[in-house]
Amino acid sequence: MQQTRPAGPEAGAPLLALSGVGKRFGNQVTALEGLDMEVRRGEFLSLLGPSGCGKSTALRLIAGLAEPTSGRIDFNGEHPGKAASPHPSVGFVFQEPTLMPWASVFGNVHLPLKLAGTSRREAEPAIMQALELVGLEAFRDAYPRELSGGMKMRVSIARALVTKPRLLLMDEPFAALDEITRFKLNNDLLQVWRQLNCTIVFVTHSVFESVYLSTRILVFRARPGRVAAELAIDPSLERDEAFRTSPEYVALCRQASTALAAAMNAG
Ligand SMILES: Nc1ncnc2c1ncn2[C@@H]1O[C@H](COP(=O)(O)OP(=O)(O)OP(=O)(O)O)[C@@H](O)[C@H]1O
């Protein structure tokens with residue numbers, strides 16, 4: 001299968017930029033300081049770093065779920081929504097699927113549209129399209145308790161995709177899954193990314209996962225959190241099982257590990 005993404009006329013153009021961003025919490029913890037980073041249209045960008053280096057905080061700031069204490073974030077030339085009101089063109093997937101146990105798969109995926117005032121009937125085509133993207137259309141009437149961990153995460157991804165976001169933010173979405181499920185979801189996520197031609201920012205602790213998925217990796221360092229290194233990965237490399245065992249993959253993993261070790265020693 002050809003894995004290369006169609007390069008649209010805007011592919012690679014900046015989608016959003018963080019300039020000199022800092023985030024200090026009330027408990028005097030400086031999670032981020034002087035963070036400069038850009039997200040480009042159509043890329044699969046991973047934020048890789050040790051625990052506590054501010055990756056999740058950066059993601060929440062991009063989503064508009066919190067505000068920086070210094071610096072600025074420009075989203076496609078505009079400022080995003082106010083803190084605590086996510087930008088409408090952003091979808092967010094958390095580490096836990098956070099599904100409503102009393103609602104069906106259909107009801108859970110409906111939630112963002114329901115909050116925007118769209119009825120079940122009006123929302124049905126978008127909900128079914130999102131469920132098809134994650135291969136769960138046959139499970140529309142199932143309840144979360146009937147699903148495996150991987151299926152719950154697929155529902156969570158469908159819920160983030162139902163509003164057709166330009167940007168998908170994912171905070172260690174597969175960290176709690178077993179390796180086989182994780183590999184499967186890695187492949188399925190790449191397929192969704194190609195199909196929707198969207199932009200993804202993906203937080204992970206895993207060098208192997210970041211190299212497998214990404215077209216670019218930003219390695220974060222801690223105390224305070226900021227970008228320590230950048231690694232570009234040829235987007236035309238096929239991401240399949242042969243890639244996982246290829247010398248190119250191993251060499252890229254070594255490069256990312258070395259950058260991560262240097263960032264950890266610097267922190
Ligand atoms: N709401 C908060 N209030 C106070 N401190 C916070 C808050 N959120 C995060 N922090 C602190 O900010 C720092 C960065 O946290 P953050 O969760 O962004 O890091 P991370 O790189 O995503 O870590 P992990 O990989 O463990 O999730 C940590 O020291 C954390 O304890």
Side-chain angles (χ1 to χ4, degrees), residues 16-39 44-73 75 80-87 90-98 149 152-153 156-157 160 167-179 182 185-186 189 199-214 216-231 253 256-267:
L16 70 98
L18 283 73
S19 317
V21 164
K23 179 68 182 174
R24 195 177 171 84
F25 289 104
N27 58 359
Q28 303 305 308
V29 170
T30 303
L32 297 170
E33 195 174 270
L35 172 64
D36 295 312
M37 62 175 265
E38 192 177 74
V39 179
F44 197 124
L45 177 68
S46 284
L47 310 185
L48 174 69
S51 194
C53 68
K55 308 179 296 294
S56 300
T57 302
L59 216 58
R60 291 177 62 80
L61 294 178
I62 292 171
L65 293 169
E67 279 192 9
T69 31
S70 56
R72 53 182 289 152
I73 303 175
F75 192 98
K82 286 180 151 177
S85 68
H87 199 276
V90 172
F92 206 113
V93 178
F94 299 90
Q95 183 173 345
E96 296 298 325
T98 59
K152 284 183 196 151
M153 185 45 73
S156 172
I157 294 171
L167 175 63
L168 185 58
L169 304 174
M170 308 184 84
D171 194 357
E172 295 190 61
F174 308 141
L177 301 175
D178 66 83
E179 197 172 73
R182 190 170 181 159
L185 280 172
N186 283 169
L189 178 61
T199 307
I200 297 182
V201 183
F202 188 95
V203 165
T204 181
H205 284 119
S206 164
V207 165
F208 304 106
E209 186 171 55
S210 66
V211 170
Y212 187 73
L213 293 173
S214 317
R216 197 160 62 98
I217 299 172
L218 295 179
V219 180
F220 272 53
R221 53 163 291 185
R223 288 180 293 277
R226 58 187 182 278
V227 175
E230 177 174 348
L231 179 64
C253 289
S257 289
T258 305
L260 183 59
M264 288 173 79
N265 290 334

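Read the numbers this way: they start at 1 and go in the same order the structure lists the ligands and their atoms.
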> Heavy atoms only: which of S51, S56, G52 is nearest to atom 22 (O) of ligand 1?
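That would be S56.
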> Report the residue from D171, V203, L169 that forms a side chain to side chain contact (heavy atoms under 4.5 Å, CB included) with L47.
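Only one option passes, and that is V203.
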> Indicate the atoms forming the closest heavy-atom contact of Q95 with A175, along with that distance.
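The answer is NE2-CB, 3.7 Å.
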> Under a heavy-atom criterion of less than 4.0 Å, does R60 contact ligand 1?
no
> Which ligand 1 atoms are under 4.0 Å away from a heavy-atom of P50?
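The list of qualifying atoms is 21 (O).
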> Would you indicate whether F208, at its atom CZ, is surrounded by more than 12 heavy atoms from other residues, nucleotides or ligands within a distance under 6.0 Å?
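For F208, atom CZ is not crowded (no more than 12 foreign heavy atoms under 6.0 Å).
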> Please determine, by modelled atom types, if S46 and S210 share a side-chain donor-acceptor pair under 3.5 angstrom.
no
> Identify, by atom number and element, the atoms of ligand 1 in contact range of H205, meaning under 4.0 Å from any of its heavy atoms.
25 (O)
> Need the ligand 1 atom indices (1-based, order shown) with element for anything under 4.0 Å from a heavy-atom of E172.
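By the 4.0 Å cutoff, the relevant atoms are 25 (O), 27 (O).
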> Any idea which protein heavy atom is nearest atom 10 (N) of ligand 1, and the distance to it?
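For atom 10 (N) of ligand 1, the nearest protein heavy atom is F25 CE1, 3.4 Å.
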> To the closest 0.5 Å, what do you measure between CE (M170) and CG (L59)?
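CG of L59 is found 10.0 Å from CE of M170.
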> I would like to know whether E33 and R226 meet salt bridge (charged side-chain N to carboxylate O under 4.0 Å, His left out); could you show each step before the answer?
CA-CA 6 Å; E33 195 174 270; R226 58 187 182 278; 5.4 Å; no
> Among protein heavy atoms, which lies nearest atom 4 (C) of ligand 1, and at what distance?
N27 ND2, 3.1 Å
> With T57 as reference, evaluate V21, L32, L35 under the side chain to side chain contact (heavy atoms under 4.5 Å, CB included) test and give the passing residue.
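Passing option: L32.
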> For C53, state whether at least one heavy atom is located under 4.0 Å from any atom of ligand 1.
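So C53 counts as touching ligand 1.
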> Only one of V227, I73, D36 passes side chain to side chain contact (heavy atoms under 4.5 Å, CB included) with L18; say which it is.
I73
> How about atom 30 (C) of ligand 1: does it have a protein heavy atom within less than 4.0 Å?
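No, there is none.
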> Looking at non-hydrogen atoms alone, which of G225, A31, G54, A58 comes nearest to atom 19 (O) of ligand 1?
G54
> Could you check atom 15 (O) of ligand 1 against the protein and tell me its nearest heavy-atom contact, residue, atom and distance included?
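Looking at atom 15 (O) of ligand 1, the protein heavy atom closest to it is T57 OG1, 3.8 Å.
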> Looking at V29, which atoms of ligand 1 are within less than 4.0 Å of one of its heavy atoms?
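That gives atoms 11 (C), 12 (O), 29 (O) of ligand 1.
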